[in-house]
Asker: 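Pasting in a structure now, in structure tokens, and then I'll have a few things to ask.
Order of appearance sets the numbers: ligands from 1, and atoms from 1 within every ligand.
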Amino acid sequence: MKKIISLSIVFLLIVSCGKDLPMSTFDTYGPIAEEQAFIFSIIFWAGMVVLVAVEAAIIYVYFKYRRRKNSNRKAAQFHGNTKLEILWTILPVVFLAIVSVPALSAIWNFATMPENPAVVVNVKGHQYWFEFQYPDLHVVTANELHIPVGKQVLINLDSNNVLHSFWIPKIAGKTDIIPNQTNQMWIQADHTGLYYGQCAEFCGESHALMRFRVIVDTDEDFAAWIDHQKTEAYVPNDPLEKEGYTIFMSPKAGCGGCHMIHGSKKAKGRIGPNLTHVGSRQHLAAGIMENTQDNLRQWIKDPGKIKPGNIMASQGAVYMDPNKALTDSEVIALASYLQSLK
Ligand code: CUA
């Protein structure tokens, strides 16, 4: 049994180091992640040299000085060895001095914010999702961060609740999100594509479900995305979508108290994610499931089941008051309306 447990731990450790996994820090796509991986690798390989040398010395001593049959040899008794002690004090000092050069230069590099970032994003950590505001571009979205390829992006991190941490393993190491303190970081992605992000600081029972995506666009795609995000929300024509719209805006459901739908007078809330273009997002509930009709219905029906401890489940009137609970047909209409918000 013990063998099986230790083998599975070794297996898990090995597979978690795979290069082509979505959250591998070894598979870097930006200058910051690259520099961090480089520092890791020099420390790792120097550590391996020490490991092999020490283990080899232990094995050598073990065989050379082992007790032999019919031998009365006594172990040598001595105290200390000045030469060795000086050596193993100086060697680590020299090594640390060498490592401190790239490490300090990297710390300096990460802490020096770009003077002319291409984009500024204010990231707000919520329990349990990420809000992305583009203050200069007048766009607010959630859980899917779009950035242009090859450009420096300045990130301001803030939280109005608990600690979170912003982490896109392939693009940049994590920076904590701390209430009442704006931390900054900058990121840059060198290839277009989809990257995975994750909250990396325990923030409550659904911490592991607080994920996000980074979509690295070409300049044209980014500009088109921004232009589209700025537009007012689609106003439905289809009967089912219209029904969902009416329920969404009704005082009974009260969705608009927490959610913003740009262009609507009744949905001006800022507690939950901005839903103006929620139908254009690829995922729901902070990157934990695909944005499909079926998933959206399940989410609206019982968000607390999918993401325990979230505010919608604990404070939304339709979930707290059995008299206001949504019927199945209302859920279907709501999902249909929300997905029309491309
Ligand atoms: Cu937010 Cu963990």
Asker: Run the numbers on D176 and L157 for side-chain contact (heavy atoms from CB on, under 4.5 Å), then give the verdict.
Answerer: CA-CA 8 Å; D176 281 355; L157 299 156; over 6 Å; no
Asker: Where is the tightest heavy-atom contact between A325 and E330, given as atom of each residue plus distance?
Answerer: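 In terms of heavy atoms, the two residues are closest at O-OE1, 4.1 Å.
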Asker: Has the side chain of H277 got a donor or acceptor atom that lies under 3.5 Å from a matching backbone atom of K342?
Answerer: yes
Asker: Identify whether the distance between the nearest side-chain nitrogen and carboxylate oxygen of R297 and D328 falls below 4.0 Å.
Answerer: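 Between D328 and R297 there is no salt bridge, as every charged N stays at least 4.0 Å from the carboxylate O atoms.
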Asker: How are the rings of F132 and F166 set to each other: parallel, tilted or perpendicular (split at 30° and 60°)?
Answerer: perpendicular
Asker: Heavy-atom distance under 4.5 Å between the side chains of W299 and N310, does that happen here?
Answerer: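 They are in side-chain contact.
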Asker: Take atom 1 (Cu) of ligand 1 as the centre and count protein N, O or S atoms at distances under 2.8 Å.
Answerer: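 Counting protein N, O and S atoms closer than 2.8 Å to atom 1 (Cu) of ligand 1 gives 4.
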